[in-house]
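To find a chain, count down the sequence lines: A is the first, B the second, and so on, and within it residues start at 1.
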Number of protein chains: 2
Amino acid sequence: MPRGDGKGPPWWKGKFRGCGHRFTIPRQAIIETLDKTSAHLSAEDIYLAVHKRYPNIGLTTVYRTLEVLAQMRLIFKFDFGDGRSRYELAHSDSKKEHHHHLVCTNCNRIIDYTDFINKEIELLNKTEKALSKKFNFKISNHLIQFYGLCEKCSKLTARQ
Amino acid sequence: MPRGDGKGPPWWKGKFRGCGHRFTIPRQAIIETLDKTSAHLSAEDIYLAVHKRYPNIGLTTVYRTLEVLAQMRLIFKFDFGDGRSRYELAHSDSKKEHHHHLVCTNCNRIIDYTDFINKEIELLNKTEKALSKKFNFKISNHLIQFYGLCEKCSKLTARQ
DNA sequence: CTTGATAATGATAATCATTATCAATAAGGA
DNA sequence: TCCTTATTGATAATGATTATCATTATCAAG
Ligand SMILES: [Mn+2]
Ligand SMILES: [Mn+2]
Ligand SMILES: [Zn+2]
Ligand SMILES: [Zn+2]
């Protein structure tokens, strides 16, 4: 499993070519940005990050690339309720594991959690199988989020 | 439990007053619209429905009322990925039960399901409790959605 | 290593859902 | 009934995302 070992093409180049897409500087830069962080970046966040090294890459290209990446299933697109979409590498063979999210409805902090993921996944698989059969629905993905107040915000709220 | 039995104020009037809000025709009309359907209406859908009986109620009022209703937890607000928010009565004491959603990523059909809800809820409760403790996070709500292709769309896709 | 077809880009304008303004109206306690 | 003020609605503004279109760059073929 080839990873960024300093030389040679990055592992995702093959992915691109395999899907009939060209591999370009902007796409490379955008994936690298997502790969370097564990945050949940918006299109503009990515644009600004990429802009530091490549000031001529446009926001439009960021949006278009994100769409391609999502359709290739290399990234996930989330709506956490703050009015803009946020993106996260689906990581394939990187260090990140599949996880779900806690979303603070006050400050919009996002917490990744992997605890209990195994039991969740187990139940999800059963549920997916049964739902697929019952509704003739081909499930390809799921979304689980918990909403509430993060530690900081619940303290603030209590203080009022 | 007072319901729409033809006379007397509807059950939600008290809810409104109890939260310090006035009870108005637009708010009444908007809740009634949501109560009459099992669909997942957008703000504009609601505006158009309400507009038939009350042509002078504006879209702005619909948005504002939906915000109040959501904050009162009388409705849920969803993002199914079609670029507009969709709303659903939280049902309190009506016929609808708590349910989760299947979302067709091709035609945007939404399927409510209640199957396995019990096992899901059971696991969710455990998970919520453990996550609350671990992250000091006050969980007040959860979101579960499965994405994929509905029966019709998977047939169409296969045919291509 | 060129070349050429065309996928990809980027500057710009357009879209469209949602919000902000603000004067006019109406709910409901006194 | 009266008065305070929450609510409304017409309108403009906002802001994220998408469409256009001329220009550029990728990469398969020669
Ligand atoms: Mn995450
Ligand atoms: Mn539903
Ligand atoms: Zn918070
Ligand atoms: Zn479908």
Side-chain angles (χ1 to χ4, degrees), chain A residues 9-10 12-31 33 40-72 74-75 77-87 108, chain B residues 9-10 12-31 33 40-72 74-75 77-87 108:
Chain A
W12 48 66
K13 177 169 182 178
K15 275 268 186 193
F16 263 92
R17 309 305 318 288
C19 292
H21 291 121
R22 295 179 181 176
F23 189 64
T24 67
I25 305 285
R27 287 173 176 180
Q28 157 100 323
I30 289 165
I31 296 192
T33 298
H40 305 84
L41 304 179
S42 67
E44 193 186 6
D45 290 338
I46 296 169
Y47 166 74
L48 291 173
V50 155
H51 191 267
K52 288 176 189 163
R53 190 192 298 263
Y54 303 98
N56 46 341
I57 292 180
L59 180 56
T60 306
T61 297
V62 173
Y63 273 106
R64 274 187 300 227
T65 299
L66 288 171
E67 193 183 336
V68 172
L69 289 171
Q71 144 202 330
M72 288 169 68
L74 282 182
I75 63 175
K77 179 180 184 178
F78 291 104
D79 168 55
F80 293 128
D82 65 342
R84 69 202 64 195
S85 296
R86 293 185 173 274
Y87 303 84
N108 254 279
Chain B
W12 48 67
K13 177 169 182 178
K15 275 269 186 191
F16 263 91
R17 307 306 318 288
C19 292
H21 292 122
R22 296 180 181 176
F23 189 64
T24 66
I25 304 285
R27 287 172 175 181
Q28 156 101 322
I30 289 165
I31 296 193
T33 298
H40 306 84
L41 303 180
S42 67
E44 193 187 8
D45 290 338
I46 296 168
Y47 166 74
L48 291 173
V50 156
H51 191 267
K52 288 176 189 164
R53 189 192 300 263
Y54 303 100
N56 46 341
I57 293 179
L59 180 56
T60 306
T61 296
V62 173
Y63 273 106
R64 275 186 299 227
T65 299
L66 289 171
E67 194 183 336
V68 172
L69 289 171
Q71 144 202 331
M72 290 169 67
L74 282 182
I75 62 174
K77 178 180 184 178
F78 291 105
D79 168 56
F80 293 128
D82 64 342
R84 70 203 63 196
S85 295
R86 293 184 174 274
Y87 303 84
N108 254 277

5' precedence on DNA chain C between A:R22 and B:H21 (nearest-nucleotide basis): A:R22
Under 4.0 Å between any heavy atoms, over every strand shown, what does B:S85 touch: base, sugar-phosphate, or nothing? Just pick one. sugar-phosphate
Determine whether any donor atom in the side chain of A:R84 lies under 3.5 Å from an acceptor atom in the base of D:dA16, or the reverse, and answer yes or no. no
Ignoring hydrogens and angles, are the base of C:dT12 and the side chain of A:T60 linked by a donor-acceptor pair under 3.5 Å? yes
Taking OP1 and OP2 of D:dT18, is either one under 4.0 Å from a side-chain nitrogen or oxygen of A:Y63? no
Taking OP1 and OP2 of C:dA8, is either one under 4.0 Å from a side-chain nitrogen or oxygen of A:R27? yes
At less than 3.5 Å, do the side-chain atoms of B:T61 and the base atoms of D:dT7 form a donor-acceptor pair? no
If the cut-off is 4.0 Å, is A:T24 near the phosphate of C:dT9, judged by side-chain N/O to OP1 or OP2? yes
Would you mind classifying the nucleic acid contact of A:R64 as base, sugar-phosphate or nothing, using non-hydrogen atoms under 4.0 angstrom? base
Is there a side-chain contact (heavy atoms from CB on, under 4.5 Å) between A:L69 and A:F16? Walk through the geometry before answering. CA-CA 9 Å; A:L69 289 171; A:F16 263 92; 3.7 Å; yes
So do the side chains of B:R84 and B:D82 get within less than 4.5 Å of each other, counting heavy atoms only? yes
Nearest heavy atom decides the nucleotide; on that basis, is A:G20 or B:I25 closer to the 5' end of DNA chain C? A:G20
